[in-house]
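Let me begin by presenting the structure, written as structure tokens, before commenting on it.
One-based numbering, in listed order, for ligands and for the atoms of each.
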Amino acid sequence: MKKILIALLVVAVAVASCIALIGCKDEEKKDEFIVATNAAFPPFEYKEGNKFVGVDMELAQKIADKLGKTLVVKDMEFDSVILSVASGESHVGMAGMTITDKRKETVDFCNPYYNASQMLIVPENDTTFDGLTTAAQIEEKLKSLSGVTIGVQRGTTGNYYVKGDADWGFDGFANVTCKEYDNGGLAVKDIQNGQCNYVVIDEMPAKQIVETSNIVNSSKKVKVISVPLTEEEYAFAVAKGNTELKNQINSIMEELKKDGTFQAILDKYFAAE
Ligand code: ARG
């Protein structure tokens, strides 16, 4: 009898500590603010050594602080960010992400915080787009070209803009080949290597990537054609129906705008301009 009692006790203790452990794990998860991003998109998110930096990453830290949680950044392919948020693996996607109707089918967006547009990167000595000042003119020119390859980051609005996609509201360019890369930096490198002709990517990353690429390979310089091709708004994405977090982030962002923090972060990262 005594033996049975002891055995029961041992089992009970084991079960209890298991439950306690699981509880702890849950507790830990609750204290984290998990952000999904693709840290290859300067000045919004990129890495300096092991550190995540950029506008979105600083905002992520501020938001985590205000929520009283520990920031955890998950770096992944850009086209995984939405899935990570939708599946609940991450709490929020912060990735210079454009609000689109297509994405709204999968996630909810917080209020927009930045206006952006796609731009074209070309070799410095390329004169194809000289004198063109509107998106319509550039698009007309792109439609008239053949045998041209344009690089884009996979899953981005630039990708759909070049490839053409009815769901995304883009016609595309019949005779242009769209080449998809893991990130914009690799695409621009391929212009320099002669593997693609042009790159389409968001304006600020275009400028920063061009600057770095011209330092890394100064014999094959590239430049940005400063004509906005699209009109886009960036926003953070939360899981569909997570109104609580969406509202929290919206009001924290309001505070950060009011007290000047948001502008200071923009100034810090756009100073190179
Ligand atoms: N704004 C574009 C989009 O939403 C590109 C974003 C890419 N972001 C990144 N972190 N790589 O599709």
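- With Phe236 as reference, Tyr113 is the one residue of Phe109, Phe33, Phe44, Tyr113 to meet the ring-ring contact (aromatic ring centres under 6.0 Å, His included) rule.
- In terms of polar-atom proximity, Thr98 is counted as a contact of ligand 1, with an N or O under 3.5 Å from an N or O of the ligand.
- Its side chain within the 4.5 Å cluster rule, Val176 clusters with Leu120, Val122, Phe129, Leu132, Ile138, Leu142, Leu145, Val148, Ile150, Val152, Tyr160, Tyr161, Val162, Trp168, Phe170, Phe173, Tyr198, Val200, Ile225, Val227, Leu229 among the Ile, Leu, Val, Met, Phe, Trp and Tyr residues.
- Under 4.0 Å from ligand 1, not a single heavy atom of Arg154 appears.
- Shortest contact from atom 8 (N) of ligand 1 to any protein heavy atom: Ala95 O, 2.8 Å.
- Considering only non-hydrogen protein atoms, atom 5 (C) of ligand 1 sits nearest to Asp202 OD1, 3.4 Å.
- At a cut-off of 3.5 Å, with distance as the only test, no side-chain donor of Glu254 or Asn250 sits close to an acceptor on the other residue.
- The atoms of ligand 1 that sit less than 4.0 Å from any heavy atom of Tyr234 are 1 (N).
- Using a 4.0 Å heavy-atom cutoff, Gly96 is listed among the residues neighbouring ligand 1.
- Close approach to Glu45 involves these atoms of ligand 1, each under 4.0 Å from a residue heavy atom: 9 (C), 10 (N).
- Within the structure, every pair that satisfies the side chain to side chain donor-acceptor pair (under 3.5 Å) test and touches residues 227-239, not counting sequence neighbours, is listed here: Thr98-Glu232, Gln118-Glu232, Thr157-Glu232, Asp202-Tyr234, Thr230-Glu232.
- Ion pair Lys268/Glu58 flagged as a salt bridge, since at least one NZ, NE, NH1 or NH2 atom sits closer than 4.0 Å to an Asp/Glu carboxylate oxygen.
- At least one donor-acceptor pair under 3.5 Å links the side chain of Asn242 to the backbone N or O of Leu245.
- Under a 4.0 angstrom heavy-atom cut-off, Phe44 registers as lying outside contact with ligand 1.
- Geometrically, ligand 1 and Arg103 share a nitrogen or oxygen pair separated by less than 3.5 Å.
- The protein non-hydrogen atom at the shortest distance from atom 7 (C) of ligand 1 is Phe41 CE1, 3.4 Å.
- With values rounded to the nearest 0.5 angstrom, Asn159 atom CG is found 5.0 Å from Lys163 atom NZ.
- For the atom pair Asn183 CG and Ile209 CD1, the distance stands at 7.0 Å (nearest 0.5 Å).
- Scanning all protein heavy atoms for the shortest distance to atom 11 (N) of ligand 1 gives Asn38 OD1, 2.8 Å.
- If you number the atoms of ligand 1 from 1 as listed, the ones under 4.0 Å from a heavy atom of Gln153 come out as 7 (C), 11 (N).
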